[in-house]
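Structure record follows, encoded as structure tokens.
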Amino acid sequence: MPAGRAVTRTLVIGGGIAGASVAYFLSRLGAQVTVIDAGLHAASSVPSALINPVRGQSGGVDARALEGMRLTWELLRELEAAGFHVPHGQTGMLRPVPDDKARARFERNLPPELPHRWLSRDELPVPLPPAWAHALWLPEGGWVDGAAFTRALLEVSGAAVIRGRAEQVGGQWLMVDGEGQNLTASLPTAHSPHPTPQIIHCGGSIGSGWAGEDRTQRMGTLLTLDRAAADVPLSFGAYLAPSAQGGVLGATYETPAQGWQAPTLPLASLGWLLGKGEALADLSGVNVTGRWTGSRLSGLKTGQDERGVWHLSGLSSKGFLLGPLLARELAGQIVEAEK
């Protein structure tokens, strides 16, 4: 940074994959970063998140999926070289497809530049039940431990992390701790020559509610397993993947709702999820050891609003696919706006 230029002071609200990635890239650009994080109900804390460029049961591919996926793997290599242990596997991933009609939908959406291949039965890296007519192989896909990834990004960023939450009251931001006590005076930027930092809101489902937003949420559940049901991630409707402690079975499946709601797992949903898992692989001898249930915020929100607050939220299930990519761009915009 040229001599004489003021340091960009930033306050990142939320320490999930969006907030941690923004903090990481802001710090690389020379900004002073403070993160306020409640650490509650973070969708980014799942023990095995897919790095999957081909989404849903229609095989949709985001226009920036390939770019985002490659940046995520690059970050993981950088963190590993810096001595951080982030469990992950760029193992490739398998998308079983039930019939010719579904395959045709996938093929319409697959860009030629995305590495992929349709496999015959004798080419499968893991066995599939006979009900699956086709299988799409994505060699650059895989999985990552979400909690370890976000922790490492925050740590290497050097950001000051304050445990608390940010609420909007009367159009003004109020930083409070778990007891509702005002934290504003504790912020490192509060008594600086430039006391008003650039605010970047990266809150998830519950943080969106604290910000006074009424946005769409989708509830989902991930079951932790004592061992991986397959060596590579499998996904269609639900997903099975390896994890650092064994494996996971997960899906985002409940009806979308407005505003955050307390996580629940209805018995019917548990039965549905287990059924989806059994359709993907043989689960005999695989034991459930726990569960994570939470909500994802839908509807991507990025850029600066009319009040000058920056945003990166609503990544939904694409957090680890697109979050770092969008965070890098946002960090550049924030620093450039300060020049």
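This one's a predicted model, so the numbers in the text were calculated from it and none came from an experiment. Hydrogens, waters and symmetry mates are skipped; everything else that's a heavy atom, side chains included, is used.
A side-chain N or O of R55 and one of S317 form a donor-acceptor pair less than 3.5 Å apart. Side-chain N/O atoms of E78 and Y24 include a donor and acceptor closer than 3.5 Å. Looking at W210 and Q168, their side chains never bring a donor and an acceptor atom within 3.5 Å of each other. A donor-acceptor contact under 3.5 angstrom links the side chains of T224 and T289, judged on distance only. Inspection of the R218 and T216 side chains reveals no N or O donor paired with an N or O acceptor under 3.5 Å. Side-chain N/O atoms of E338 and Q198 include a donor and acceptor closer than 3.5 Å. Side chain to side chain, D305 and H311 meet the donor-acceptor criterion of an N or O pair below 3.5 Å.
In terms of heavy-atom proximity, L26 sits nearest to T10 at CD1-OG1, 3.6 Å. The two atoms that bring A65 and V61 nearest to each other are CB-CG1, 4.0 Å, heavy atoms only. In terms of heavy atoms, L234 sits closest to A281 at CD1-CB, 4.0 Å. Across every non-hydrogen atom of S27 and S157, the tightest pair is CB-O, 3.1 Å. Of all heavy-atom pairs between L154 and G15, the closest is CD1-O, 4.0 Å. When all heavy atoms of S48 and L222 are compared, the closest pair comes out as O-CD1, 3.8 Å.
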Next on the checklist: Run the side chain to side chain contact (heavy atoms under 4.5 Å, CB included) test on S313 and C202 for me, step by step, so that the C-alpha distance in whole Å, both residues' side-chain angles and the decisive distance to 0.1 Å come before the verdict.
Outcome noted: CA-CA 5 Å; S313 63; C202 300; 5.8 Å; no
Next on the checklist: If you apply the rule side chain to side chain contact (heavy atoms under 4.5 Å, CB included), what do you find for R64 with K318, and how did you get there?
Outcome noted: CA-CA 11 Å; R64 307 193 68 186; K318 298 179 184 177; over 6 Å; no
Next on the checklist: Using side chain to side chain contact (heavy atoms under 4.5 Å, CB included), reason through W310 and I199 one step at a time and then give a plain yes or no.
Outcome noted: CA-CA 6 Å; W310 299 86; I199 296 175; over 6 Å; no
Checklist entry - Can you check side chain to side chain contact (heavy atoms under 4.5 Å, CB included) on L50 and S235, steps first, answer last? => result CA-CA 9 Å; L50 294 187; S235 175; 4.0 Å; yes
Checklist entry - When you look at R165 and E167, which way does the salt bridge (charged side-chain N to carboxylate O under 4.0 Å, His left out) test go after all the steps? => result CA-CA 7 Å; R165 67 181 189 272; E167 298 178 353; 2.7 Å; yes
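For the atom pair L274 CG and L283 CG, the distance stands at 7.5 Å (nearest 0.5 Å). Atom-to-atom distance recorded for Q32:CD and L11:CG is 10.5 Å, nearest 0.5 angstrom. A distance of 11.0 Å separates CG of L75 from NE2 of H88, quoted to the nearest 0.5 Å. Taken to the nearest 0.5 Å, the CG atom of L249 stands 13.5 Å off from the CZ atom of R291. Rounded to the nearest 0.5 angstrom, L322 CG and L300 CG are separated by 8.0 Å. Between atom CD1 of residue I51 and atom OG1 of residue T91 there is a gap of 10.5 Å, rounded to the nearest 0.5 Å.
Under the 4.5 Å side-chain heavy-atom criterion for Ile, Leu, Val, Met, Phe, Trp and Tyr, M219 and L265 are members of distinct hydrophobic clusters. Under the 4.5 Å side-chain contact rule for hydrophobic residues, W73 and W143 do not share a cluster. Under the 4.5 Å side-chain heavy-atom criterion for ILVMFWY residues, no single connected hydrophobic cluster contains both L297 and V22. Under the 4.5 Å side-chain heavy-atom criterion for Ile, Leu, Val, Met, Phe, Trp and Tyr, L325 and V12 are members of the same hydrophobic cluster.
The side chain to side chain donor-acceptor pair (under 3.5 Å) test with E140 is passed by exactly one of R70, Q90, H116: R70.
Side-chain contact between W173 and V309: present, with at least one pair of heavy atoms (C-beta onward) separated by less than 4.5 Å. Counting only heavy atoms from C-beta outward, the side chains of P139 and P115 approach each other to under 4.5 Å. Put simply, the side chain of L119 reaches to within 4.5 Å of the side chain of R117, judged on heavy atoms. A heavy-atom distance below 4.5 Å is found between the side chains of L225 and L240. When side chains are defined from C-beta on, M93 does not count as touching V232, because their heavy atoms never get closer than 4.5 Å. Under the 4.5 Å side-chain criterion, counting only non-hydrogen atoms from C-beta, P233 is not in contact with N52. The shortest side-chain heavy-atom distance between L330 and I200 falls under the 4.5 Å cut-off. Taking 4.5 Å as the limit, every side-chain heavy atom of V46 sits out of range of all side-chain heavy atoms of D145.
Side-chain atoms of N109 come within 3.5 Å of backbone atoms of R105 as a donor-acceptor pair (strictly under, hydrogens ignored). A donor-acceptor contact shorter than 3.5 Å links the side chain of T72 to the backbone of F320. Side chain of S21 to main chain of A18: no donor-acceptor pair is present (N/O by atom type, distance under 3.5 Å, no hydrogens or angles). At least one donor-acceptor pair under 3.5 Å links the side chain of S44 to the backbone N or O of I17. Side chain of T150 to backbone of G146: a donor-acceptor contact under 3.5 angstrom is found. In terms of modelled atom types and a separation under 3.5 Å, the side chain of S243 and the main chain of G247 share a donor-acceptor contact. Formation of a donor-acceptor pair under 3.5 Å by the R95 side chain with backbone atoms of V54 is found in this model. Although no hydrogens or angles enter the test, the distance criterion places no donor-acceptor pair under 3.5 Å between the side chain of D37 and the main chain of G14.
Using a cut-off of 4.0 Å between Lys/Arg side-chain N and Asp/Glu carboxylate O, E80 and R77 are scored as not salt-bridged. Ion pair R121/E123 not flagged as a salt bridge, since none of the NZ, NE, NH1 or NH2 atoms sits closer than 4.0 Å to an Asp/Glu carboxylate oxygen.
Counting non-hydrogen atoms of neighbouring residues, nucleotides and ligands closer than 6.0 angstrom, the CG atom of D231 reaches no more than 12 such neighbours.
With sequence neighbours left out, E213 forms a salt bridge (charged side-chain N to carboxylate O under 4.0 Å, His left out) with R215, K301.
Classified by interplanar angle (parallel below 30°, tilted 30° to 60°, perpendicular above 60°), the ring pair F106/W118 is perpendicular.
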Can you give me every donor-acceptor pair (side chain of residues 125-138, partner residue at least two apart or in another chain, under 3.5 Å) with its distance?
{"from": "W132", "atom 1": "NE1", "to": "A279", "atom 2": "O", "distance (Å)": "2.8"}
{"from": "H134", "atom 1": "ND1", "to": "R103", "atom 2": "NH1", "distance (Å)": "3.3"}
{"from": "H134", "atom 1": "NE2", "to": "D100", "atom 2": "OD1", "distance (Å)": "2.6"}

